[in-house]
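Written out below as structure tokens is the structure these notes cover.
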Amino acid sequence: MRNKLKKDLGLFDVFAISTGAMFSSGFFLLPGIASHYTGPSVFLAYLLAGVLILPTMFSIAEISTALPRSGGAYFFLDRSLGPLMGTIGGLGTYFALMLKTAFAIIGIGAYAAIFWEVPTKIVAIVATLFFMALNLVGAKKTSAFQKVFVIFLLIILVGFIADGLFSIFTSDTITDESINKQFTPFFSNGFGGMFTTIGFVFVSYLGLTQIVSVAEEIKNPERNIPLGMILSLVVTGLIYGLGVFIMVTLIEPTAFANELAPAATAAEQLFKWLPDNVGVLLMSVAALAAFASTGNAGLLSASRYPFAMGRDKLFPAILAKIGKKGSPVVAIFLTTALIIVFILLLSEEGIVKLASTFQLLIFIFINFSVIVFRKSKIESYDPGYLSPLYPFMQVVGIIISFILIIYLGWMPVLFTSGIIVIGLLWYHFYSKGKVKREGAIFHWFALLGRHQYDELENELMTILKEKGLREGDPFDETVITSKIKILKDTTNFDKVLNIASDYFCRELDLNKEGVLHKFFQSIPDESVITLPGILVFHAKFKSVTHPSMKIVISKKPIEGTLPSEDYEFKKPIQICAFLINSDENPKQQLRMLSRLLDILEREQIVKTLLKMNSHREIKEFLLQNERFVSIKLLEGTPQDTMIGKQLKDIQLPKDVLVALVERNDKTFTPNGSTVFLKDDVLTILGETKSIAKLYKEYMSYEIDKLDTEETS
């Protein structure tokens with residue numbers, strides 16, 4: 001099984017990654033250049049850009065919770081629209097990231113020039129080579145460093161805004177007349193100039209797309225991804241809007257339009273309560289740290305696109321080559337070379353326009369991808385977060401991006417069109433014969449009578465298994481309440497199926513023939529899954545209100561055949577698991593089925609279960625997580641205080657539940673009046689911290705006893 005990345009990134013990690021990637025060139029370098037197109041209203045363009053990116057942010061959040069995979073937007077587009085669009089989208093995102101990285105690295109040169117007389121682009125090239133060296137030895141930011149960096153940056157920027165607003169509205173030197181002069185004319189090029197500026201500064205919000213590359217490592221992604229992105233966007237949008245407003249107010253318009261370090265220039269008029277030039281120094285240090293962080297992370301992220309596309313056979317395989325330090329060496333060299341070319345050949349304005357145009361194009365594709373995935377009706381497409389107002393939100397996102405691309409001018413549009421043509425030609429002449437997969441759009445076509453690519457569902461099912469259960473999925477409860485039948489004598493499939501169908505008839509008030517029909521006649525739904533030594537039957541019924549499970553374990557191989565010849569499986573079979581859920585909650589059924597399969601695919605699973613004779617042991621094995629503990633009530637142990645007491649009289653943490661009691665080889669679910677007896681075995685479920693506390697309180701004596709015996 002493929003090693004999984006640990007899910008150890010929380011809400012603040014998501015916020016820090018997104019926010020840290022946005023505060024660099026967008027704040028410290030871009031505002032002056034952007035004011036060329038709209039004048040003093042540039043601060044409003046930043047705020048509007050933050051609002052207009054919302055539809056795409058919602059789409060990114062939805063797909064990120066459905067497909068948490070490295071490769072980011074490229075992976076989304078490849079699996080939704082197919083490898084042709086994956087090639088074009090991968091190239092577009094690759095170029096957008098490189099251009100944004102180039103712009104950030106130029107910022108290092110611009111702010112370095114404040115302290116030393118050095119050529120801006122020479123400093124940028126040296127910085128690029130330095131970041132290349134860091135990437136080649138496998139250096140990358142840890143989450144802890146990123147959080148410290150973001151906290152430091154936010155403190156400086158909030159201080160800048162607070163001091164700036166205080167100075168503007170309370171200082172005697174800044175009058176209403178001077179402010180009016182600074183902000184007149186408000187729209188220097190009308191509404192057309194405002195739209196151009198909005199498209200121009202869109203690059204400032206590209207940090208939101210960085211989340212997709214770490215989605216697999218985020219805890220509780222259904223909550224933390226959308227909430228983290230929204231918090232990041234709100235904080236970033238406010239700081240952009242207020243910070244640029246202060247710059248416009250303090251810097252003379254003509255000088256502002258040609259300023260490559262506007263934040264430092266504005267800081268010269270602020271922080272009067274600090275020693276001379278300390279304010280400028282703080283802003284410059286913050287800017288250099290932001291540019292360096294974005295430049296290094298940008299080169300790292302961008303180099304992963306040719307690496308991922310090389311691994312998927314869309315690019316030459318050499319780009320997927322890993323060096324001794326674990327880095328994609330060839331991809332890093334290629335990315336570094338292209339970034340240096342952009343720094344040398346393009347102006348700062350040209351770099352931003354191209355980066356924004358490429359990214360707006362990708363935003364169009366991402367919004368369309370959500371529509372495709374929803375229309376494809378693939379059950380294993382299971383986002384933990386659904387974009388609001390579908391499909392209106394996605395259509396609006398597509399229209400907004402299209403309009404802004406037009407306003408950015410013909411040159412970036414032509415250049416972007418050239419990248420699309422290159423992508424088409426590359427796919428046709430190089431990749432087409434090497435790639436056999438298709439995207440979810442073919443499943444949409446299948447509903448209209450066209451063919452589909454079945455392997456995509458298998459891949460999404462694999463992703464579903466790796467994501468695991470969602471908070472609230474009653475898998476543990478279903479295992480606890482499941483019924484297990486252990487057969488010691490020779491049996492056949494007819495008897496096994498009768499045992500299961502009779503149980504569901506009693507438990508769920510279902511018709512026996514209807515149960516068997518669901519299991520064997522729904523061929524397209526693949527209602528029987530074959531594993532070595534195991535058959536897993538699953539079905540959905542409208543009348544069912546809660547999931548139910550039956551497990552039959554035969555000590556001897558099950559004889560006979562299944563009632564349908566369409567099911568082929570390799571004998572011997574000794575375990576049959578049956579899972580039924582509501583027809584109204586198909587996604588939950590898939591998640592629970594995936595969890596069950598993940599357990600039943602473990603090595604030596606059949607031998608392990610066949611050795612067990614206790615229903616409690618079997619259920620605990622199926623639970624097998626950190627949320628339960630098994631305690632035997634023995635005299636002379638800490639838990640002997642429970643003996644002879646009713647469950648309702650025992651003091652346990654509020655977030656735990658005594659789910660099972662095993663007594664005299666029989667297992668049952670207790671109630672408040674159940675009196676515990678000597679040698680009872682309790683299975684207790686609950687939150688991880690409380691379970692760990694119970695384990696330490698009631699079970700640590702066994703470890704101490706073993707240690708004493710080993711010592712003696």
Side-chain angles (χ1 to χ4, degrees), residues 20-30 32-33 91 93-141 149 203-204 206-207 258-264 283-307 319 323 325 327-359 411-412 415 419:
M22 284 194 274
F23 279 132
S24 59
S25 52
F27 187 88
F28 293 103
L29 185 62
L30 188 60
I33 301 173
L91 278 173
T93 308
Y94 181 46
F95 273 86
L97 270 173
M98 286 194 296
L99 288 164
K100 183 180 186 299
T101 303
F103 190 56
I105 295 174
I106 285 176
I108 295 176
Y111 273 78
I114 295 175
F115 304 101
W116 306 284
E117 293 184 6
V118 290
T120 299
K121 291 195 172 185
I122 296 299
V123 173
I125 291 171
V126 172
T128 304
L129 294 174
F130 174 72
F131 296 142
M132 179 192 74
L134 287 180
N135 276 269
L136 287 175
V137 297
K140 59 180 178 180
K141 303 190 306 293
F149 159 73
V203 71
S204 305
L206 296 194
N258 297 291
E259 182 61 67
L260 287 181
M283 291 300 295
S284 299
V285 170
L288 288 171
F291 287 132
S293 176
T294 302
N296 186 40
L299 195 153
L300 182 143
S301 301
S303 66
R304 269 49 179 179
Y305 277 83
F307 167 73
L319 289 169
K325 300 291 185 178
S327 300
V329 176
V330 179
I332 290 173
F333 278 130
L334 174 65
T335 304
T336 302
L338 290 173
I339 289 174
I340 290 174
V341 169
F342 292 146
I343 290 172
L344 289 174
L345 298 184
L346 297 176
S347 65
E348 293 83 2
E349 181 180 337
I351 289 175
V352 175
K353 278 192 172 184
L354 290 178
S356 292
T357 305
F358 282 136
Q359 196 59 53
M411 186 58 67
F415 200 89
I419 295 298

Problem - Euclidean distance, I33 CD1 relative to E259 CD, rounded to 0.5 Å - result: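 Between atom CD of E259 and atom CD1 of I33 there are 10.0 Å.
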
Exercise for the section: Look up atom CE in M98 and atom OG in S303, then write down how far apart they are to the nearest 0.5 Å. Expected result: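 OG of S303 is found 10.5 Å from CE of M98.
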
Ignoring hydrogens, what is the shortest heavy-atom contact between [X] and [Y]? Give both atom names and the distance.
X	Y	result
A264	M283	CA-CB, 4.4 Å
S204	L30	OG-CD2, 3.4 Å
I419	L91	CG2-CB, 4.0 Å
T357	P412	OG1-CB, 3.2 Å

Side chains of [X] and [Y], heavy atoms from C-beta outward: is any pair under 4.5 Å?
X	Y	result
F307	L319	no
I105	F130	no
L99	F358	yes

In a table with atom names and distances, give each donor-acceptor pair under 3.5 Å that connects a side chain of residues 328-346 to protein atoms at least two apart or in another chain.
| unit_1 | atom_1 | unit_2 | atom_2 | d |
| --- | --- | --- | --- | --- |
| T335 | OG1 | Y94 | OH | 2.8 |
| T335 | OG1 | A331 | O | 2.7 |
| T336 | OG1 | I332 | O | 2.8 |

Handout entry: Full working for side-chain contact (heavy atoms from CB on, under 4.5 Å) between V126 and F131
Key = CA-CA 9 Å; V126 172; F131 296 142; over 6 Å; no

